[in-house]
Amino acid sequence: MQFGIFTVGDVTTDPTTGQTVSEHDRIKAMVTIARKAEEVGLDVFATGEHHNPPFVPSSPTTMLGYVAAQTSKLILSTSTTLITTNDPVKIAEDFAMLQHLADGRVDLMMGRGNTGPVYPWFGKDIRQGIALAVENYALLHRLWHEDVVDWEGKFRTPLRGFTSTPRPLNGVPPFVWHGSIRSPEIAEQAAYYGDGFFANHIFWPKEHFMALVNLYRQRFEHYGHGSADQAIVGLGGQAFMRKNSQDAIKEFRPYFDNAPVYGHGPSLEEFMDETPLSVGSPQEVIEKTLTFREHFGDYQRQLWLVDHAGLPVKTVLKQLDLLGEEVVPVLRKEMAINRPAHVPDGPTQPVLENSR
């Protein structure tokens, strides 16, 4: 099983100091956090894609290419790549290039995004969101699996005898996750192709995401890719830790209350009770994360959001120390207990022997 972190790359004022980092410092901090993730033994670093304030990661492949040059083991991924507003030809080219630069340590998560205004910025209609996701990924899949493509669809100009370059590394395209917080159509799409499904269950109660994951598992089996429990599932989560829970809650509360994604809504206690948010001691994070297996079955990838809401870099790095030293080693051991042999491990890509 794979463990890692994802970032949404927000530039948020620290509510305890009133200070706001520059975009430059936030971008550099994301690189520092990625390097730290590898240092403490995590498996995955994933960055979101956003094109609106207060977020900065508008070019994930640029970020991940830079991180690739400074790491040697970390799987580099996205959370998510906007399949609706990006040209699938450009996605095919950019991530194949990243594959070569990272010696194969690359996968990506496709998603529609949750920012409505982004669609017209890129000449798209949000009312066509699902149709765009389905058609654009159908083209991307062909571009990576066929050397020469003829294509005609609804949302872009036709292609005739087109070859996407560079070709995927060693002929193996990056592994694809399809991420969703609300759309059964995306779970169906992931199942149809035999790809992974990532339920970023950070906002809503577990029952909502259990329904999506169960649908994906059933349809994965329906399409003949394996049994339902062999489907490739990833889960999101959020954590903030200190040695004792009282200190963690006291320190995190102002960040939670002012967070751009969920501040000024339910209380911290309500959010902790109803969603995967874990604020407390490392043991409490372990215990809550272990319940995910009870709700979703054996799964392949667990990512946490740890660097948002204006948290200082030094605080985030301490969170990574706690994840790497106290949380993940226990979870690796516990998640392996009674895991059926036929359930696959997390997806990896062939890595070149001359990798760093």
Side-chain angles (χ1 to χ4, degrees), residues 2-11 21-51 55-82 86 89-110 140 143-144 164-177 234 301 303-308 312-314 316-321 323-324 328 346-356:
Q2 297 167 346
F3 297 92
I5 59 170
F6 70 98
T7 178
V8 295
D10 59 308
V11 177
V21 299
S22 66
E23 290 181 330
H24 175 81
D25 287 342
R26 182 66 172 103
I27 291 167
K28 289 292 190 178
M30 291 165 65
V31 175
T32 299
I33 291 164
R35 289 200 304 260
K36 182 70 170 182
E38 175 164 286
E39 177 187 320
V40 302
L42 300 185
D43 304 305
V44 183
F45 171 79
T47 176
E49 178 187 347
H50 297 276
H51 300 275
F55 306 100
V56 295
S58 59
S59 181
T61 52
T62 304
M63 166 70 71
L64 295 178
Y66 188 79
V67 172
Q70 301 183 51
T71 56
S72 60
K73 298 179 181 179
L74 203 60
I75 297 171
L76 308 173
S77 189
T78 55
S79 61
T80 63
T81 296
L82 300 179
N86 283 304
V89 172
K90 188 60 173 162
I91 295 176
E93 294 173 341
D94 285 352
F95 281 89
M97 177 68 78
L98 180 59
Q99 259 195 320
H100 286 271
L101 291 172
D103 294 316
R105 296 181 289 121
V106 174
D107 61 33
L108 71 162
M109 187 194 307
M110 298 298 179
L140 175 62
L143 290 169
W144 273 341
S164 172
T165 59
R167 303 304 297 147
L169 180 63
N170 293 333
V172 182
F175 184 83
V176 172
W177 302 83
R301 179 173 290 184
L303 301 183
W304 288 278
L305 177 63
V306 297
D307 72 330
H308 60 128
V313 175
K314 65 179 181 180
V316 176
L317 298 182
K318 179 59 178 176
Q319 298 300 304
L320 293 176
D321 281 330
L323 278 176
V328 168
T348 57
Q349 297 293 107
V351 177
L352 292 183
E353 293 181 359
N354 65 345
S355 61
R356 296 178 73 250

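Across every non-hydrogen atom of Q2 and T348, the tightest pair is NE2-CG2, 3.6 Å. The two atoms that bring G9 and P57 nearest to each other are O-CD, 3.6 Å, heavy atoms only. Residues G48 and S79 come closest through the heavy atom pair N-OG, 3.3 Å. What you find for V56 and E23 is that their closest heavy atoms are CG1-CG, 3.8 Å. Minimum heavy-atom separation, A92 to S164: CB-OG, 3.5 Å.
A distance-only check finds no donor-acceptor pair linking the side chain of R301 to the backbone of V44 [under 3.5 Å]. A distance-only check finds no donor-acceptor pair linking the side chain of E49 to the backbone of P60 [under 3.5 Å]. Remark: side-chain polar atoms of D43 are not paired, donor with acceptor, to backbone N or O of G4 under 3.5 angstrom. Judged by distance alone, the side chain of R105 and the main-chain N or O of L76 form no donor-acceptor pair under 3.5 Å. A donor-acceptor contact shorter than 3.5 Å links the side chain of T78 to the backbone of M109. Although no hydrogens or angles enter the test, the distance criterion places no donor-acceptor pair under 3.5 Å between the side chain of T80 and the main chain of L82.
With contacts defined as side-chain heavy-atom distances shorter than 4.5 Å, the pair S77/F175 does not qualify. Side-chain contact between T7 and M63 is absent, with no heavy atoms from C-beta onward closer than 4.5 Å. Contact of the L140 side chain with the V176 side chain is not registered, since no non-hydrogen atoms from C-beta on lie closer than 4.5 Å. Residues T61 and M97 are not in side-chain contact: their nearest non-hydrogen atoms beyond the backbone lie 4.5 Å or more apart. L320 has its side chain within reach of V306: a pair of non-hydrogen atoms, C-beta onward, lies under 4.5 Å apart. Side-chain contact between D10 and H50 is absent, with no heavy-atom pair separated by less than 4.5 Å. Looking at heavy atoms from C-beta onward, Q99 lies out of side-chain contact with P173 at the 4.5 angstrom threshold. P174 is listed as a side-chain neighbour of W144, based on a closest heavy-atom distance under 4.5 Å.
Between atom CD1 of residue I27 and atom OG1 of residue T47 there is a gap of 10.0 Å, rounded to the nearest 0.5 Å. Expressed to the nearest 0.5 Å, how far CG of L42 lies from CD1 of I75 amounts to 11.0 Å. Atom NE2 of H51 is separated from atom OG of S58 by 6.5 Å, given to the nearest 0.5 angstrom. With rounding to the nearest 0.5 angstrom, the CD1 atom of I5 is 9.0 Å from the CG atom of L305. Here CZ of F45 is found 12.0 Å from CD of E38. Values are rounded to the nearest 0.5 Å. Rounded to the nearest 0.5 angstrom, H308 NE2 and F55 CZ are separated by 11.0 Å.
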**Request:** Any chance you could lay out the side-chain contact (heavy atoms from CB on, under 4.5 Å) test for F95 and T81, step after step, and finish with the verdict?
**Result:** CA-CA 10 Å; F95 281 89; T81 296; 3.5 Å; yes

**Message:** Show, in sequence, the C-alpha distance, side-chain angles and deciding distance for T32 and L317, and conclude whether the side-chain contact (heavy atoms from CB on, under 4.5 Å) test is met.
**Reply:** CA-CA 9 Å; T32 299; L317 298 182; 4.3 Å; yes

**Asked** Can you check side-chain contact (heavy atoms from CB on, under 4.5 Å) on L108 and I91, steps first, answer last?
**Response** CA-CA 10 Å; L108 71 162; I91 295 176; 4.1 Å; yes

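With sequence neighbours excluded, the residues that form a side-chain hydrogen bond (donor to acceptor under 3.5 Å, both in side chains) with K90 are D94.
Under the 4.0 Å criterion applied to side-chain N and carboxylate O atoms, E39 and K36 are assigned as salt-bridge partners.
When each of K314, K318, R26 is tested with D307 by the rule salt bridge (Lys or Arg N to Asp or Glu O under 4.0 Å), just one qualifies, namely R26.
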